Asker: 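Take this structure, written in C-alpha cells, and hold onto it; I'll ask about it next.
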Amino acid sequence: MLKTFSKSLQSISTIILLSFIVSACQNNTSPLTSSRTSQQESEEAKPLEIKVVVVTMFEIGEDDDDKPGEFQMWKEGQNLNTRYAFPMSHHDIYVNEDTGVMGIVTGMGTAKAAAAIMALGLDPRFDLTHAYWLVAGIAGVDPQDASIGSAVWANWLVDGDLAHEIDAREIPKDWKSGYFPLFSVEPISAEPTTPSDEKVQALNGEAYQLNTQLTKWAYELSKDTALSDYPAMYELREKYINYPNARKRPFVLIGDHMAAATFWHGKLLNQWANDWSAYWSNGQANFVTSGMEDTGSYQSMIYLDNAQKADKSRFMVLRAASNYSMQPDSLTAANNLAMESGENGYAGMQSALESAYSVGSVVVNDIVANWETYKDALPYEASKVAPDEDTLNEILTPTTDPVDAKLSAEELIKSLNLTGHVEGGFYRQTFKADHRPMLSTEHGDRVNMTSIYYLLSAKSPIGHFHMNRSDIMHYFHVGDPITYYLLNQDGSLETHILGPDPTQGHEMQMVVKGGTWKASKISTTGDYGYGLIGEAVAPGFEYQDMQLAEQAELVSTYPQHSDLIRTLTR
C-alpha cells in the first residue's frame, strides 16, 4: 500500500511540475523573468571605474544645504552628483562619474563600517581594483601631540575593544586598570613584560599597520595646507597650559589611530590608549587620535584584497581633531566631557570637518589628476615607472596641432596647486607678510597682508555668503566674469561684476570692506568654465576672522533679499 501511495505522489508531482513549466513558458512577461533579464543586463554592463573612495562615517541631517557632518563638504566640493542606491548599507552612494571619485557614509561604529566596506567591495556595479581609499573623519586627539582642528595621517590602526576586563571594583589593589590584553592575565606594566627578542603578535585584529610609504606621501603632499581656526578653539587651547602641542594652531601631522566602540575620555584612559598602542605595535605606534570605525574598515579591506576586489595597500586614514581625548588640568574628566558634549558641541568640530576636507582633497585631487600614472603605480613609485614606447614617441614627436590658449579649470587647479575652499570654489594662499612686524587688532595680532588665488568653476560655481573682518581687494585674472553680491549693514544690496571687459561694465579691481556679507557666482555655461581672481586681505586673513552665513539668520536680518540668500547659502 505504501508503495502504491508513493507512485501516486510521483505522478502527481510530475503533473504539477509540467504544468508549472508550461505556464512559465507561456507567460514570458512574468515579474520573475523581468527581474532576471534586468539582472543579466546589469551584469553585462561594464562596471564604473572608481579612482578614489572617500569613506565618511556620519552626516548631520540632509546631505546638502544644512549643518554639515563628515560627508556634506565632500559631496559638494567634489561634485558627487550621481546617486546609487545602496540598501545593503547605512547610506546611499554618491559618485562623480567624470572624475571617478566616490563618497560613502558607513554609519557609526566598527560593525557598520566593516559591513559597508565589504558590501561596497562586492558590488558588481563598480570596479574598485585600482581604487585608493581615504577615510576622512573627525576624532579625539591626545593633547600631548596636537591641537584641535589638526589633521592626522595614520600609520597604525589599533583596536581598543579586543581585550580582557575585570570590573574596576574587583581589581587587585596593585593593578592600575582592570582592562588588559587578550592572552595575558594582568594589565600592561610600565616596562615590557616580554623578552626583547619576543614580539607581541596581533593575530586577532588588535592592530594593523597601513602602507607607511603611502601615508608619508599623503602627508608630504598636504602638510602645508592652511587649516581653519576659530575663537572658541583658541579659548579651549589656552586651558592646556602644560601641553605645548595642544596650544598650537591646527597643523598637519602623522600619528596613529585607536578605534574603540566605547567613547572614552580622561587622563587615565588617555594613558591607557598610549600604552595599548605601544604594546600591540611593539613600540612603533604613538596614539594620537581616537575614533570608532577604522579597524573594522581595514579588516574588510584585507578580505577584499584576498579576493582581488580591492588593494589594501591603497588604504589611507585621515582623522581631524574635533576634541581633546582628555581634560585640561583645571577640570575633571566628567566636567570636561559634559561641557564639550553640551549644547554648543565640540569647540573644534567645524574646523575638524573643514580640515578633513581641505587636507584630504589635496590628495584626492592629485590622484585624479595623475590617474594615468597612479592607476598602475603607487604615487611614491610613480617616478620609477618608465613610459611605454608609444607614450615616449608621443612625448618626443613635435605636434603640428594648433594650441588652444584656453586652459581648462582642471589644468588651472592642478598647475596652481589649488584646493577646495569651505566657501565653495578653490584657492591657495600665495603670500603672508610674516616677515614684517605684526599689527595689533582687537581680535589679536595679525600680519599686514595675505594674498590668495581664488577660482570658481562650472562644477563649483558659488562662493557662499560669508563675512570677513578685514578689507579685501579683488583682482580679476582670467576666465569668465564673476558676479558679486554685497549685503551692507544698512540693508542695501550691491551687485558687481568682476571680469575682463570694462566696456561691458566689468570691474577689474574691487574692494569689499570688512563687516560686509559677500557671495559670488559664475555662469555654468561660460566660454571658459571658470573665473580666476586674486585677493589681497589687510590685515591678513585668519579663519577666526571669517564667518560663514547661517541661512535662517541672514534671511531674518535681510528679509527683502531672502530669495537671493537662499540661493547663495548652504
Side-chain angles (χ1 to χ4, degrees), residues 109-110 138-148 150 152 154 156-194 200 202 206-207 236-247 255-295 319 321-342 345-348 352:
T110 307
I138 64 170
V141 69
D142 187 345
Q144 297 174 98
D145 297 294
S147 55
I148 48 176
S150 295
V152 187
W156 282 85
L157 306 177
V158 180
D159 194 291
D161 291 326
L162 294 168
H164 290 310
E165 183 175 20
I166 295 174
D167 189 287
R169 294 165 293 185
E170 296 182 308
I171 64 174
K173 292 182 179 180
D174 59 341
W175 285 17
K176 62 179 180 180
S177 170
Y179 202 80
F180 50 100
L182 291 175
F183 315 114
S184 65
V185 294
E186 60 185 5
I188 299 169
S189 63
E191 298 296 328
T193 57
T194 57
V200 175
E206 296 92 345
L236 179 58
R237 289 199 304 261
E238 288 303 292
K239 295 180 180 179
Y240 286 81
I241 297 173
N242 297 314
Y243 300 88
N245 287 326
R247 302 183 73 186
D256 300 305
H257 182 72
M258 173 175 283
T262 300
F263 189 113
W264 56 266
H265 184 75
K267 288 182 181 179
L268 295 178
L269 286 171
N270 194 78
Q271 185 57 53
W272 159 78
N274 278 280
D275 294 343
W276 199 258
S277 298
Y279 177 85
W280 284 114
S281 65
N282 293 292
Q284 297 183 62
N286 172 39
F287 163 71
V288 177
T289 56
S290 62
M292 293 182 174
E293 298 82 11
D294 300 345
T295 50
R319 288 283 186 162
S322 58
N323 58 285
Y324 292 110
S325 57
M326 57 173 273
Q327 72 275 25
D329 294 338
S330 58
L331 294 171
T332 67
N335 288 340
N336 193 56
L337 182 61
M339 183 176 66
E340 285 262 294
S341 301
Y346 300 130

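Here the structure is a predicted model, which is why all the values come from computation and not from measurement.
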Asker: Check whether any side-chain N or O of Q327 sits under 3.5 Å from a backbone N or O of K267 as a donor-acceptor pair, and report yes or no.
Answerer: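 Yes.
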
Asker: Check whether any side-chain heavy atom of S325 lies under 4.5 Å from a side-chain heavy atom of W264, and answer yes or no.
Answerer: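 Side chain of S325 against side chain of W264, heavy atoms only: contact under 4.5 Å found.
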
Asker: Measure the spacing between CG of N274 and CG of D145 and express it to the nearest 0.5 Å.
Answerer: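 Between N274 CG and D145 CG, I get 7.0 Å after rounding to 0.5 Å.
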
Asker: Working to the nearest 0.5 angstrom, can you tell me the gap between T289 OG1 and I138 CD1?
Answerer: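 With rounding to 0.5 Å, OG1 (T289) is 11.5 Å from CD1 (I138).
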
Asker: Of all heavy-atom pairs between A333 and G266, which one has the smallest distance, and what is that distance?
Answerer: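 For A333 versus G266, the nearest heavy atoms are CB-CA, 3.8 Å.
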
Asker: With rounding to the nearest 0.5 Å, note down the distance linking CE in M258 to OG1 in T295.
Answerer: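 Reported to 0.5 Å precision, the distance equals 10.0 Å.
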
Asker: To check you understand the geometry: which heavy-atom pair defines the closest contact between P181 and H164, and what is its length?
Answerer: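 It is O-CD2, 3.2 Å.
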
Asker: Does S177 reach the side chain of I171, with side-chain heavy atoms less than 4.5 Å apart?
Answerer: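 Not in contact.
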
Asker: Check W175 against P187 and note the closest heavy-atom contact, atom names and distance.
Answerer: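 Looking at all heavy atoms of both residues, the shortest contact is CD2-CD, 3.4 Å.
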
Asker: Ring-plane angle category for Y346 and F263, please: parallel below 30°, perpendicular beyond 60°, tilted otherwise.
Answerer: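 Answer is parallel, since the angle falls under 30°.
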
Asker: Can you tell me if CG on L268 sees more than 12 non-hydrogen neighbours from other groups inside 6.0 Å?
Answerer: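 No, the 6.0 Å shell around CG holds no more than 12 heavy atoms from other groups.
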
Asker: Any chance you could lay out the side-chain contact (heavy atoms from CB on, under 4.5 Å) test for Y324 and N336, step after step, and finish with the verdict?
Answerer: CA-CA 10 Å; Y324 292 110; N336 193 56; 5.5 Å; no

Asker: Which heavy atom of M292 sits nearest a heavy atom of A260, and at what distance?
Answerer: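 For M292 versus A260, the nearest heavy atoms are CG-O, 3.4 Å.
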
Asker: Between atom CG of L337 and atom NE2 of H265, what is the distance when rounded to the nearest 0.5 Å?
Answerer: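 It comes to 5.5 Å.
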
Asker: Can you tell me how far the CG atom of D275 sits from the CG atom of N270, to the nearest 0.5 Å?
Answerer: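 So the CG of D275 and the CG of N270 are separated by 10.0 Å.
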
Asker: What's the shortest heavy-atom distance between A321 and A352, and which atoms?
Answerer: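 Smallest interatomic distance, heavy atoms only, reads O-CB, 3.4 Å.
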
Asker: Does L331 CG have over 12 foreign heavy atoms under 6.0 Å away?
Answerer: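 Above 12, so yes.
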
Asker: Is it true that a side-chain atom of E293 and a backbone atom of T110 form a donor plus acceptor pair closer than 3.5 Å?
Answerer: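 Answer holds: no.
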
Asker: Decide yes or no for Y243 and D329: does some side-chain heavy atom of the first lie under 4.5 Å from some side-chain heavy atom of the second?
Answerer: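 In contact.
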
Asker: Only one of F287, Y179, F180 passes ring-ring contact (aromatic ring centres under 6.0 Å, His included) with W276; say which it is.
Answerer: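 Only match with W276 under ring-ring contact (aromatic ring centres under 6.0 Å, His included): Y179.
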
Asker: Shortest non-hydrogen contact from A146 to V141?
Answerer: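 A146 and V141 have their closest heavy atoms at CB-CG2, 3.8 Å.
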
Asker: CE of M339 to CG of N323: how many Å apart, nearest 0.5 Å?
Answerer: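 These two atoms lie 11.0 Å from each other.
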
